[in-house]
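All figures in this text were calculated on a predicted structure; none of them were measured in a lab. Reckoned from all heavy atoms, side chains included, excluding hydrogens, waters and symmetry mates.
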Amino acid sequence: MPETMPKNFDFQEAEARLYEWWQSNGWFKPEAALPDAEPFVISMPPPNVTGALHMGHALFTTIEDIMIRHARMNGKAALWVPGTDHAGIATQLQVEKMLRDEGTSRIEVGREEFMARTWAWKEKYGGTILSQFRRLGASCDWDRERFTLDDGLSEAVRDVFIRLWDQGLIYRGTRLVNWSPGLQTAVSDLEVERDEEQGKLYFFNYPVDGGDFIPVATTRPETILGDAAVAVHPEDERYKHLIGKKARVPMTNREIPIIGDEYVDRAFGTGALKVTPAHDFNDYEIAKRHDLPMINIMEKDGTLNANAGSYAGLDRFVAREKLWADMTAATMTIRVQDHTYIVPRSQRGGEIVEPMLSMQWFLKIQPLAEKALAAVRDGRIQIVPERFEKIYYHWLENIQDWCVSRQLWWGHRIPAWYGRNGEIHVGKQPPLDGRDWTPEQDVLDTWFSSGLWPFSTLGWPENTPDLARFYPTAIMETGYDILFFWVARMIMMGLWFTDEAPFHTVYLHGLVRDKLGRKISKTLGNTIDPTELIDQYGADPLRFALITGTTPGNDINLDTARVERNWRFVNKIWQMANFVTQNLEGDVPLGAPAHDELDLPSRWILSRLNHLVDSVQRLFATYQYGEAARQIDDFLWSEYADWYIEMSKYPLYQGDDVTKLNARRVLVHVLDQSLRLLHPYMPFVTEEIWKYIPHDGDALIMAAYPQADAAYIDDAAEAQMTLLIDLIRGVRNTRDEYNVEPSRKITAFVNAGSNTTLLEQYSYLFARLCNVATLNIMPFGARAPENAASVVAGDLTAYLPLTDFIDVAAECDRLTKEHAKLDIQIAKSRAMLGNEQFISRAQSDVVEKERVRLAGLEASAGQIAERIASLCQ
RNA sequence: GGACAGUUAGCUCAAUUGGUAGAGCACUCCUUUGACGUGGGAGAUGUUAGAGGUUCGAGUCCUCUACUGUCCACCA
């Protein structure tokens, strides 16, 4: 135990030192627990390997570290598996940008070189984000760190793909998919964001054989070139006579049928719909119903192909303008109007995505989805907060097959080979039949590998000791924004391949927003860099700000003023500890002294502490970390520091050896328990302080989390202290109103009523806490002193002769106001207790509590009334 | 179009199964007494968005309305 504490907490020095100390002692590892300890495992949501720490990361790191540290202190074999995600598209985009800056490109350097460059990039920047997690205090087991492209995880990915193929759940086929022309890859439905934007609606006349025409509207005129039909509602009086006739595609004169289909909305646009099966999801469905040809007019880069006739080679948007101009010249157009419509954009990069026919690999997801639905429905998996279960059900009930192939280079190669005649072989190696087999070029969707994360990181498909001991994991803590992308897929994959739910609880946190509730974005310029806040205030205050004032699933508006306030809280705790350590002499036995040896303030603070511990336990059980933190904060500052420490000064400075030692023991014990309670939230400052106070054990990180001890719950002590605190506050208040200098000692006369013994015993408190030098307990029936202001608490009345001559009128005014306030509360309370229904229906303890409250109010009112009667006639 | 949240003090947010609304910041006044001025003391601030309902009792449960936000969805 170091000798004396520094005056202030040097968090910058201490954070790095403590983190290194914890880690080098192996305390982040589950092996630090007893061999037969129950495991508690969290798989960290792997951040993008090239990402930089943002507030969302800081939030989940904080929450998960709280869960892990709490479990560890409860004796569990706590394991937090860290890692990173290769993040296919995001990373490839970054490396491509780097190549562009170097004046080259992905295509130019070739696949092999590109992969080498990306790995090099990963080695260079991949460590950054996880080292930033360390600064937050994340107690992960770094020896078990994983990366989704590791050998082991890649093996798991191939294994899963092959098994799914063997089970007939993987198929390859030409389907309409979302195509990203810039990235030149397919993306899944989830990766497409649909936003309302201002655009144009183009009206034109479709020529019909026989000289007639039919007006049609479209938002994408270039797709006219790929039209396969014009559809009208079969009962539309305007057009139904045209069904069966032929129309001619503008500018190309290709013949297409006019068909009737109930999908068409007669009220929208012109009521007639051009059908472009190869470039629109709805039209694709119509085409299948009517057996229409799928005419693909686009190349992979978004330029038009030979099917577009003279428009071939033009970019899709250039073609749109040119075709429209040509049609206008041919007097086929009607008008163009402003139109708000939904534009599909890529989640990465933001370019407009095109529905396009393409050969891709798909996973039949239905069988997996059914298992995943059942697991939540029957309670094997609980989602917190519960309302997200509905959203989860809805998505899985309507799920579409998952397009898992991506035309990228950075990722897991699909383990498939093609023979000369187009045969497909799926396996880890091509068949050894002497023939030439060409490997598949595509890679898998990033989320395919992250879906395996909870078990692949523990060694699956090998039956490793880690997998046996630590799978299934306990809690999946992540943001609600990736419920579908990731959580649902982990549940599906986990159930399918391990036959067990990969975790029993999904805890979803909200998004971090700025103090005005706006989304944090670079363009808004409201980004807050967590590391800057850590530099300025330390990790503990940031963690505390992120966890307080938030509830599961709700977004958090982070006000940096809260971080600053918590920095002051950290200092406050430091100073409490400073006081305690300065007042220790010799050996202080650990633990609280026996209850019946203690004075009232000690009985009170220990009762409060045990109520707190009980409450914190309950709150942790229901994931209410913010509320638990708030209560610990409130206890430490408003009860321990403001009252107990102040009251302990009497026994410390004036008490005999026994009371002195008791006060020291209680001071140390309550501080110790509070530090334990607070440690999951503020690991650094609590650990550092713990070194300076008497303790047993190596480190706070491994110390036991407090358990409530009912023997120290003392309602009588709490009631008595409340009375004394009320009286002291009343005296302070009155002094303030009478402008009595704070340094001036005053005398008080107290009519102590039923509390005479209490007052006699603890009159010394008044000297320190409200500068009452002498407290005279008045004999029963004694008259109030002249020229005194009075303070009432319960049936106690204190008379303060504050000046030689008090202002009777002002004092009467004050008393009358006080009395009126009490009267309102008494009236309410009496009405309640006078209500037969309340007495008979409310819980008995609620009624009893109200009776006690009313008695107190009436006693106070009586005291004041008496005072008014004697003073104010 | 469907669903889900939110609306509480000037600001940011709390309020454990319904028991009569709190904290921080900001604000006013006072204060350097042996932990802390990164402190201490005192104070002011609310028809809990609005309207109805259930209940002895509603911020909390139900219905409707308004506004804000999010997710899902095939309107060219």
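- Across all strands shown, A/A641 has heavy atoms under 4.0 Å from base atoms, whether or not it also approaches the sugar-phosphate.
- The shortest side-chain heavy-atom distance between A/M294 and A/L176 does not fall under the 4.5 Å cut-off.
- Look at A/D845 and A/K849 and you find no salt bridge, because none of the NZ, NE, NH1 or NH2 atoms lies under 4.0 Å from a carboxylate O.
- Contact check for A/L190 versus A/W395: side-chain heavy atoms found under the 4.5 Å cut-off.
- Contact check, A/T551 against B/rA14: a side-chain N or O comes under 4.0 Å of OP1 or OP2.
- Atom name C1', nucleotides B/rA49 and B/rU7: the rounded distance is 6 Å, in whole Å.
- Using a 5.5 Å limit on the distance between ring centres and a 30° limit on the angle between planes, the aromatic ring of A/W567 counts as stacked on the six-membered base ring of B/rU38.
- Considering only side-chain N and O atoms, A/R387 lies nowhere under 4.0 angstrom from the phosphate OP1 or OP2 of B/rC4.
- In the set B/rC36, B/rG41, B/rG39, the nucleotide with an atom closest to the side chain of A/K7 is B/rC36.
- Set against B/rA35, B/rC71, B/rC25, the side chain of A/I645 has B/rA35 as its closest nucleotide.
- The side chain of A/Y653 contributes an N or O atom lying less than 4.0 Å from OP1 or OP2 of B/rA35.
- Residue contacts shown for A/T218 are limited to sugar-phosphate atoms, with no base heavy atom under 4.0 Å away.
- For the pair A/M576 CE and B/rG40 C1', the computed distance is 13 Å after rounding to whole Å.
- For A/Q575, taking side-chain heavy atoms from C-beta onward, the closest of the listed nucleotides B/rG19, B/rU16, B/rA35 is B/rA35.
- Under the 6.0 Å distance and 45° angle rule, A/R489 does not count as a cation-pi partner of A/F485.
- For A/K572 and B/rG40, the shortest distance from a side-chain N or O to OP1 or OP2 is below 4.0 Å.
- Between B/rA66 and B/rU28, the two P atoms lie 42 Å apart (nearest whole Å).
- Contact check, A/K390 against B/rA3: no side-chain N or O comes under 4.0 Å of OP1 or OP2.
- Between B/rG34, B/rA76, B/rU20, one nucleotide has an atom nearer to the side chain of A/Y263 than all others, and that is B/rA76.
- Separation of the P atoms belonging to B/rA58 and B/rG52 is 14 Å when rounded to the nearest angstrom.
- Side-chain nitrogen and oxygen atoms of A/H339 include at least one within less than 4.0 Å of the OP1 or OP2 phosphate oxygen of B/rA76.
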